[in-house]
There are 2 protein chains.
Amino acid sequence: MSTAPATSSRDLPHPAGADIRLEAVLHALSDPMRLQIVRELAAAEDELTCSQFALPVTKSTTTHHFRVLREAGVIRQCYRGTAKMNGLRRDDLDDLFPGLLDALLAAADRQAARLGG
Amino acid sequence: MSTAPATSSRDLPHPAGADIRLEAVLHALSDPMRLQIVRELAAAEDELTCSQFALPVTKSTTTHHFRVLREAGVIRQCYRGTAKMNGLRRDDLDDLFPGLLDALLAAADRQAARLGG
DNA sequence: CGCTTCGTACGATAGCCATCGTAGTACGCC
DNA sequence: GGCGTACTACGATGGCTATCGTACGAAGCG
């Protein structure tokens with residue numbers, strides 16, 4: 001009876017592209033944990049489940065960080081079975097702020113190379 | 001007797017270029033008030049005194065925001081008489097994170113154009 | 001149906017932070 | 001020296017937030 005798609009029934013609130021605020025994006029990325037998540041997502045070129053990230057925090061905290069990223073408009077989330085898939089909102093971000101995401105990722109890579117070896 | 005330069009005697013602590021952290025920069029810019037300060041500084045192409053900014057907060061709070069920006073390595077401050085001059089650390093930031101500052105400023109301009117006019 | 005896996009919700013806690021007001025310091029000028 | 005200007009320091013306060021633990025819900029699998 002329902003018209004729900006086959007992938008899932010639970011749906012998650014995302015801000016519309018026009019509602020994404022630069023300050024919120026910057027705040028989301030100003031946390032080391034979340035910056036790391038975004039870097040891994042960008043490197044993956046594909047969607048990843050929450051549990052594929054080996055973060056040094058509990059699952060509760062991980063959920064919190066993913067929600068902050070989603071509500072800031074940085075990532076898109078959807079359920080697929082028991083797993084929750086995460087993907088960068090590259091298209092929306094590039095549309096709103098051309099070049100910003102690439103510059104941020106490049107800066108993060110550069111800093112990681114400089115500090116991490 | 002002293003070897004102090006003519007401009008001032010009070011000196012302010014700035015992080016060295018190598019100590020500037022991306023997360024701190026993003027955190028500094030994630031506050032609307034501070035983002036506004038940086039935008040005005042970038043537009044000015046010159047140093048500005050603290051009192052040239054018409055921010056809707058008290059002077060105490062203004063001082064606080066300028067300090068956060070300075071300690072994050074975003075701006076450089078020095079005294080000139082009673083005035084405190086503020087300038088973007090464009091060279092250091094471009095050296096550490098090429099293209100990042102321009103992308104951030106462009107994103108802020110774009111959002112201002114989209115929302116404010 | 002039970003079991004497991006994955007993730008959420010909720011409450012608690014501790015720390016940070018934006019803001020203010022007041023009192024004070026440094027400098028230039030008369 | 002005395003005055004005004006520009007900014008600071010300090011304490012207070014209310015709000016946000018990163019973190020945790022425990023209890024719960026949803027989907028798949030036997």
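Predicted model only: the values in this text are computed from it and were never measured. Below, all heavy atoms of this structure are taken into account, side chains as well, without hydrogens, waters or symmetry copies. Letters A, B, ... mirror the listed sequences (proteins, then strands); counts begin at 1.
- Distance CE (A/Met85) to P (C/dC6): 13 Å, rounded to an integer number of Å.
- Taking 4.5 Å as the limit, some side-chain heavy atom of A/Pro98 sits within range of a side-chain heavy atom of B/Arg110.
- If you check every strand for non-hydrogen atoms under 4.0 Å, B/Thr49 touches sugar and phosphate atoms only.
- Following rounding to the nearest Å, B/Ile75 (CD1) and D/dC7 (C1') show an atom-to-atom distance of 13 Å.
- Phosphate contact (OP1/OP2 of C/dA9, side-chain N/O of A/Arg67, threshold under 4.0 Å): present.
- Taking CG of B/Leu22 as the reference point, atom CG of A/Leu29 lies at 8.5 Å (rounded to 0.5 Å).
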Check: residues 31-44 of chain A side-chain donor-acceptor pairs under 3.5 Å, at least two apart:
{"unit_1": "A/Asp31", "atom_1": "OD1", "unit_2": "A/Met33", "atom_2": "N", "d": "2.8"}
{"unit_1": "A/Asp31", "atom_1": "OD1", "unit_2": "A/Arg34", "atom_2": "N", "d": "3.3"}
{"unit_1": "A/Arg34", "atom_1": "NE", "unit_2": "A/Ala28", "atom_2": "O", "d": "2.8"}
{"unit_1": "A/Arg34", "atom_1": "NH1", "unit_2": "A/His65", "atom_2": "ND1", "d": "3.1"}
{"unit_1": "A/Gln36", "atom_1": "NE2", "unit_2": "A/Glu40", "atom_2": "OE2", "d": "3.1"}
{"unit_1": "A/Arg39", "atom_1": "NE", "unit_2": "A/Asp109", "atom_2": "OD1", "d": "3.3"}
{"unit_1": "A/Arg39", "atom_1": "NH2", "unit_2": "A/Asp109", "atom_2": "OD1", "d": "2.8"}

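- What separates CD1 of A/Ile37 from P of C/dG7 is a distance of 12 Å, to the nearest Å.
- Per the geometry, CG belonging to B/Leu55 stands 13 Å off P belonging to C/dA18, to the nearest Å.
- A salt bridge links B/Arg90 with B/Asp102: at least one charged nitrogen is closer than 4.0 Å to a carboxylate oxygen.
- A distance of 12.0 Å separates CG of B/Leu69 from CZ of B/Arg89, quoted to the nearest 0.5 Å.
- The heavy-atom pair separating B/Thr49 from B/Ala83 by the smallest distance is CG2-CB, 3.8 Å.
- Distance A/Asp11 CG to C/dG7 C1': 16 Å, rounded to the nearest Å.
- We find that NE2 of A/His27 is positioned 11 Å from C1' of C/dC16, with the value rounded to whole Å.
- Atom CE of A/Met85 is separated from atom CD of A/Gln77 by 11.0 Å, given to the nearest 0.5 angstrom.
- A/Ser51 comes within 4.0 angstrom of sugar-phosphate atoms only, judged by non-hydrogen atoms across all strands, and of no base.
- The distance from atom CD of A/Glu71 to atom P of D/dT17 is 10 Å, rounded to the nearest whole Å.
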Sugar-phosphate atoms are those with a prime plus P, OP1 and OP2; base atoms are the rest. Using that split, label each nucleotide of nucleotides 19-25 of chain C B, S or - for protein heavy atoms under 4.0 Å, 5' to 3'. BBBB---
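- Between A/Arg34 and D/dA18 there is a side-chain polar atom (N or O) within less than 4.0 angstrom of OP1 or OP2.
- When the C1' atom of D/dA18 is taken as reference, atom CG of A/Leu69 falls 13 Å away, rounded to whole Å.
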